[in-house]
Amino acid sequence: MSNLLAHLNEQQLAAVTLPPQHALILAGAGSGKTRVLTTRIAWLISTGQVSPHGLLAVTFTNKAAREMLTRLSGMLPVNTRGMWIGTFHGLANRMLRAHHRDAGLPHTFQILDAQDQLAAIKRLLRALNVDDEKFPPKNVQHFVNAAKEEGRRAKDVEAWDDYTRRMVELYAAYDEQCQREGVVDFAELLLRSHELLERNQLLREHYQARFRHILVDEFQDTNALQYRWLKLLAGESAVMFAVGDDDQSIYAFRGANVANMAAFEREFRVANLIKLEQNYRSQGNILDCANALIAHNSRRLGKNLWTDAGEGEPVRVHESMTDAQEAQWLVEEIRALVAEGGSRSEVAVLYRSNAQSRVIEHALFSSGIAYRVYGGLRFFERAEIKHALAYMRLLENPDDDGAFLRVVNFPARGIGARTLEALQDAARAGGCSLFAAIPTLGGAAAGKLGAFAQLVGRLRAETQAMPLTDMVEHLIDRSGLLGHYRAEREGQDRIENLRELVNAAAAFLAEEGIGRDVPANLGVSGVQGAPGDSAVLDADAPGAARITPLAAFLAHASLEAGENQAGEGSDAVQLMTVHAAKGLEFDAVFITGLEEGLFPHENSIAEPEGLEEERRLMYVAITRARRRLYLSFSQTRMLHGQTRYSLRSRFLDELPPELLKWLTPRQPAAPAAYREGWGGAWEGFGRQGAPRRARAGDDDTGRLSGAEQRAAQRFDRGVAFRVGQSVAHARFGEGVIVGIEGSGDDARVQVNFGREGLKWLALSVARLEPVG
DNA sequence: TCGGTTCAGAGTATT
DNA sequence: TCTGAACCGA
C-alpha cells in the first residue's frame with residue numbers, strides 16, 4: 001500500500017487518504033486528477049474501508065471510464081468487471097436493465113442515439129401533421145432534451161405562451177411514442193433511473209445503503225439532472241468525492257452547470273476542499289500565460305497552477321494576412337519541428353470551430369505532412385452499421401418502429417411511401433406497432449409487407465441459438481445488406497465496415513468476458529430467473545434480470561459510438577477543436593484563428609457568461625501544451641464565402657507581454673471599445689495605427705498564390721476603410737467603423753454612429769468620408 | 001430509385 | 001464557399 005501512495009505530492013496524498021467525509025477536489029489542468037481519483041478508489045478498497053461492490057465511480061466519457069478501470073487493475077488485484085464504474089448513462093442503463101419492470105420498460109428496451117431521436121421526432125411531427133417550419137425537429141429535440149436534463153417531464157414544464165404550450169404537447173407526444181415503441185433516449189436513461197429511485201423506496205434505500213462511496217469525475221460538467229441523480233443515490237449516508245475544475249468548464253452550452261460545484265460544497269457541507277495546483281505537464285511560461293488569462297474571469301473558486309519544471313520557452317505569436325498564409329506558416333513551422341526531431345503525433349493544431357480545419361488540411365495535404373482530424377462520423381453512426389443494427393433491434397423488439405422503418409425497404413423491396421402510409425394508418429387504428437399491423441393489411445401491399453415480416457421471422461428463427469458473432473454475420477448477409485452493397489459501385493468501404501461489425505461484436509464479447517459460443521439470446525449468467533422481479537433488490541443479485549449478449553451489444557453500440565479518427569497509431573499531426581482537445585496533451589500546440597468573432601466566437605459574446613466560457617476554452621487550449629505553444633491569427637479569413645476582416649483576439653492581449661515572443665511585428669492592441677461595439681471612448685479610434693499591410697515575403701515561399709494575391713488586393717482596398725477608422729456620413733454624422741464584410745462591390749462596413757446606432761452600409765452605395 | 005437541382009445555413013459535443 | 005437536406009423529373 002505504501003507503494004500505492006508513493007510519488008504522490010502533499011495535496012494528492014491528502015486527497016487520496018481523506019477520512020470518509022464529503023470532499024471537493026479542485027484539480028487544475030495537468031495536476032494528476034485521474035491519478036488521484038483512481039488511487040483514492042484503490043486506497044479505499046485496499047484499506048478495507050469499502051468493498052469493490054460498495055463504491056460507485058462515474059465519468060462522462062467511456063474513454064475516461066476505461067482509463068480509470070485500466071489504471072485500477074494496475075494498482076489492485078481486483079476484478080473490476082462487476083464494479084459500478086462507468087459513465088452516467090452506462091450506469092443508468094445498468095440499473096434500468098436490472099429493474100426494467102419497476103421502471104416501466106420492456107426488458108428489450110432499445111436506446112436511441114441523437115440521430116435516432118431526431119428521426120423519431122421527425123416521424124412524430126409528420127404523424128401529427130405539425131408544421132415543421134414553425135416547429136423544426138431540431139428545436140423540438142433540443143426542447144425535449146433540455147427539459148429532461150432539468151429533470152422535468154412534460155407535465156412539469158411551465159408553458160407561458162402558445163409556442164411553449166405546443167412544444168410541451170409535442171414533448172408529451174414524443175414520450176408516449178417512445179413508451180409505445182419501447183425505446184429510450186440518452187436523457188431518458190438518467191431521468192428514468194432517477195424516477196425509479198425516487199418512487200421506489202425499497203430500491204432507493206437499498207442502493208443508498210450499498211454505495212458507501214460515490215466518486216465523480218469532471219464534476220464541473222454535471223447538469224442539473226446528473227447532480228440530482230447523484231444526490232438521490234448518495235442519500236444521507238454515502239461519502240461523496242467530487243473532482244473538478246471550474247476553470248475548465250466549457251460545456252455550459254450543453255447543459256453543464258458549474259454552479260453544481262458551489263451547490264455541492266454548500267449542500268453537503270463539504271469540510272474538505274483540496275486544491276491540486278502543481279502541474280506536471282507544462283513548462284512555466286505556458287502556465288503563467290494560462291494563469292494570467294484566466295485571472296480575467298470573475299466568480300472563480302480560485303486556483304493558480306505552478307510547476308517546478310522551469311520556465312521553458314517563450315510563447316510564440318504569429319500574425320498573418322490570410323488564413324491560407326496562416327496555414328502555410330503552420331506547415332513550415334511543423335516541418336521545422338519535425339526536422340529538429342519532434343514527432344508529428346506530438347504536434348496538435350487546435351481551432352475554435354470545425355470549419356477552420358479545411359484550410360489547414362489543404363496546406364498539410366499539399367505539403368505531404370501526415371495529419372489526422374478528430375471529429376466526424378463514428379463507427380456505430382455509419383449508415384450501413386445502423387442498418388445492420390436495425391435488423392438486430394427488430395429481432396429483439398418488433399415494436400421498434402424506428403428500426404422497422406429504417407430497414408423495411410432497405411435493401412429495396414418495393415415497399416414505398418404509399419404502402420407505408422397505409423401501414424401507418426392501420427397501426428394507428430389498431431393502436432399497435434407497424435410490425436404488428438402488417439397482418440391487418442389487405443391488398444397488393446400486404447404481399448410485400450408480409451414477405452418482409454416473414455423475412456424477419458425467418459431471421460429470428462435462424463439466429464435463435466447462434467452466438468453473437470455468427471448472428472451478426474448471418475444477419476448482414478441474409479438481410480440482403482451485403483448483396484446490396486456488393487452491387488453498388490462504391491459499396492466496398494461499406495462492406496468492409498459491415499465485416500468490421502462482426503469483429504466489433506467479437507471484441508465486445510471478449511471485453512465483457514462473455515464466451516464466444518454463448519448464444520446471443522441467452523441470459524448472460526444463464527439465469528433467466530425472474531427478470532425484473534420487484535422482489536430482487538440488487539442489480540447484481542443472482543435472481544436479477546440478466547441481459548442477453550445481443551441486448552448488451554445493442555446498448556453498447558448506442559452508448560459508445562466508437563472511434564472517430566482514421567489512421568490511429570500513425571505518426572500524424574493532430575487536428576481538432578479546442579473542445580476535443582480537453583484532457584489531452586502534446587509537446588507542441590498551435591492555437592489558430594485567435595481573432596475577435598472567431599475566438600472568442602461572436603455568438604458567445606451575446607450570451608450571458610459566454611465570454612467567460614470562451615476564456616476558459618482558451619485556458620483549456622493553452623494548458624494542452626507541454627513545451628511549446630504557438631498562438632496565431634490572421635487579418636482576413638474566408639468565412640461563408642466572404643472575406644472577413646478581424647482584429648486579433650482580446651485573449652492575446654490578456655497574456656503577459658514579457659512571456660510572448662512575436663514572430664511578426666507586434667501591432668497595437670485593438671481598443672476595448674471596438675470589441676463592445678459601443679462605448680464611450682470611441683473618439684480614440686481615429687488615432688489607431690493602420691493595420692499592417694501585406695508585404696512581399698510575408699509568407700515563407702516568397703510568392704503569393706493567385707487566390708492569395710486576390711485576397712491581398714481585396715484587403716488593400718479594404719484598408720481604405722479599416723476597422724477603427726472614423727468616418728462621416730451625410731445623414732448619420734460621424735461614426736467609427738466597427739466591422740467590414742465582403743469585397744469589391746459587395747463590400748459593406750458596419751459603423752457605430754453613436755446616438756444614431758450601429759448601421760451596415762454598402763460601400764458601393766453609401767458615401768462615407770474618412771475623418772482625421 | 002436514382003441523379004440532378006435548389007436552397008438554407010454555416011458553434012463547441014458526450015452519451 | 002461549401003455542405004447537407006429537400007425536392008423533382010425520369
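Lettering follows sequence order; numbering is per chain, from 1. Note that this is a predicted model, so its numbers are computed, not measured.
Salt bridge status for A:R616 with A:D247: absent, with no side-chain N to carboxylate O gap under 4.0 Å. A salt bridge links A:K386 with A:D113: the closest approach of a Lys/Arg side-chain nitrogen to an acidic carboxylate oxygen falls below 4.0 angstrom. Note on A:R644 versus A:E602: salt bridge recorded, some NZ/NE/NH1/NH2 to OD/OE distance being below 4.0 Å. Using a 4.0 Å cut-off between a side-chain N of Lys or Arg and a carboxylate O of Asp or Glu, A:D116 and A:R393 qualify as a salt bridge. Salt bridge annotation for A:E188-A:R153: present, with a cationic side-chain nitrogen under 4.0 angstrom from a carboxylate oxygen. A salt bridge between A:R650 and A:E596 is present, with a side-chain N of the basic residue lying under 4.0 Å from a carboxylate O of the acidic one. For the pair A:R254 and A:D221, the salt-bridge criterion is not met [side-chain N within less than 4.0 Å of a carboxylate O]. Using a cut-off of 4.0 Å between Lys/Arg side-chain N and Asp/Glu carboxylate O, A:R71 and A:E67 are scored as salt-bridged.
Protein atom CD of A:E218 is 13 Å distant from nucleotide atom P of B:dT14, rounded to whole Å. The separation between A:E149 atom CD and B:dT14 atom P is 14 Å, rounded to whole Å. If you measure from atom CG of A:D217 to atom P of B:dT15, you get 13 Å, rounded to the nearest angstrom. As rounded to whole Å, 13 Å separates atom P of B:dT1 from atom OH of A:Y485. Atom-to-atom, CD of A:E133 to C1' of B:dC7 comes out at 12 Å; the value is rounded to the nearest Å. If you measure from atom CG of A:D132 to atom C1' of B:dA8, you get 14 Å, rounded to the nearest angstrom. Rounded to whole angstrom, the span from the CZ atom of A:R378 across to the C1' atom of B:dT15 amounts to 8 Å. At whole-Å resolution of the value, CG in A:D113 and P in B:dT15 are 12 Å apart.
Comparing B:dA13 with C:dG4, their P atoms sit 16 Å apart, to the nearest whole Å. Rounded to whole Å, the separation between the P atoms of C:dA5 and B:dT12 comes to 16 Å.
Note on A:N145: nothing from the nucleic acid sits closer than 4.0 angstrom, heavy atoms only. In this structure, A:K582 reaches neither bases nor backbone, as no heavy-atom distance under 4.0 Å exists between it and the strands shown.
Among pairs with a residue in residues 589-615 of chain A, those fulfilling ring-ring contact (aromatic ring centres under 6.0 Å, His included) read A:W329-A:F590, A:F590-A:Y630, A:F599-A:F651, at least two apart in sequence or across chains.
Annotation: A:F253 is in aromatic contact with A:H579 [ring centroid separation under 6.0 Å].
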Polar atom pairs between nucleotides 9-13 of chain B and protein, under 3.5 Å, N or O only, would you list them?
residue : atom : partner : partner atom : Å
B:dG11  : O4'  : A:H601  : NE2          : 3.4
B:dG11  : O6   : A:E607  : OE2          : 2.5
B:dG11  : N1   : A:E607  : OE2          : 3.1
B:dG11  : N2   : A:R352  : NH2          : 2.8
B:dG11  : N2   : A:E614  : OE2          : 3.3
B:dG11  : N3   : A:R352  : NH2          : 3.4
B:dT12  : OP1  : A:N354  : N            : 2.5
B:dT12  : OP1  : A:N354  : ND2          : 3.1
B:dT12  : O4'  : A:R352  : NH1          : 2.9
B:dT12  : O2   : A:R352  : NH2          : 3.1
B:dA13  : OP1  : A:T577  : OG1          : 2.8
B:dA13  : OP2  : A:N354  : ND2          : 3.4

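Here chain A contacts DNA chain C (any atom closer than 4.0 Å to a heavy atom, that is under 4.0 Å), and the contacts span C:dT1 to C:dA6 from 5' to 3'.
Within residues 84-92 of chain A, the residues approached by DNA chain B to less than 4.0 Å at the level of any non-hydrogen atom are A:T87, A:H89, in residue-number order.
Between A:P411 and A:N62, the residue anchored closer to the 5' end of DNA chain B is A:P411, taking for each the nucleotide with the nearest heavy atom.
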Let me have the donor-acceptor pairs involving side chains of residues 409-418 of chain A, under 3.5 Å, with sequence neighbours excluded, atom names and distances please.
residue : atom : partner : partner atom : Å
A:N409  : OD1  : A:R413  : N            : 2.6
A:N409  : OD1  : A:G414  : N            : 3.3
A:N409  : OD1  : A:I415  : N            : 3.2
A:N409  : ND2  : A:I415  : O            : 3.0
A:R413  : NH1  : A:Y391  : OH           : 3.3
A:R413  : NH1  : A:V407  : O            : 2.8
A:R413  : NH1  : A:V408  : O            : 3.1
A:R413  : NH2  : A:Y391  : OH           : 2.7
A:R413  : NH2  : A:S479  : O            : 3.1

Contacts under 3.5 angstrom, residues 119-132 of chain A side chains, donor-acceptor by atom type, not counting sequence neighbours:
residue : atom : partner : partner atom : Å
A:R123  : NH1  : A:E181  : OE2          : 2.9
A:R123  : NH2  : A:E181  : OE1          : 3.2
A:D131  : OD1  : A:E133  : N            : 2.9

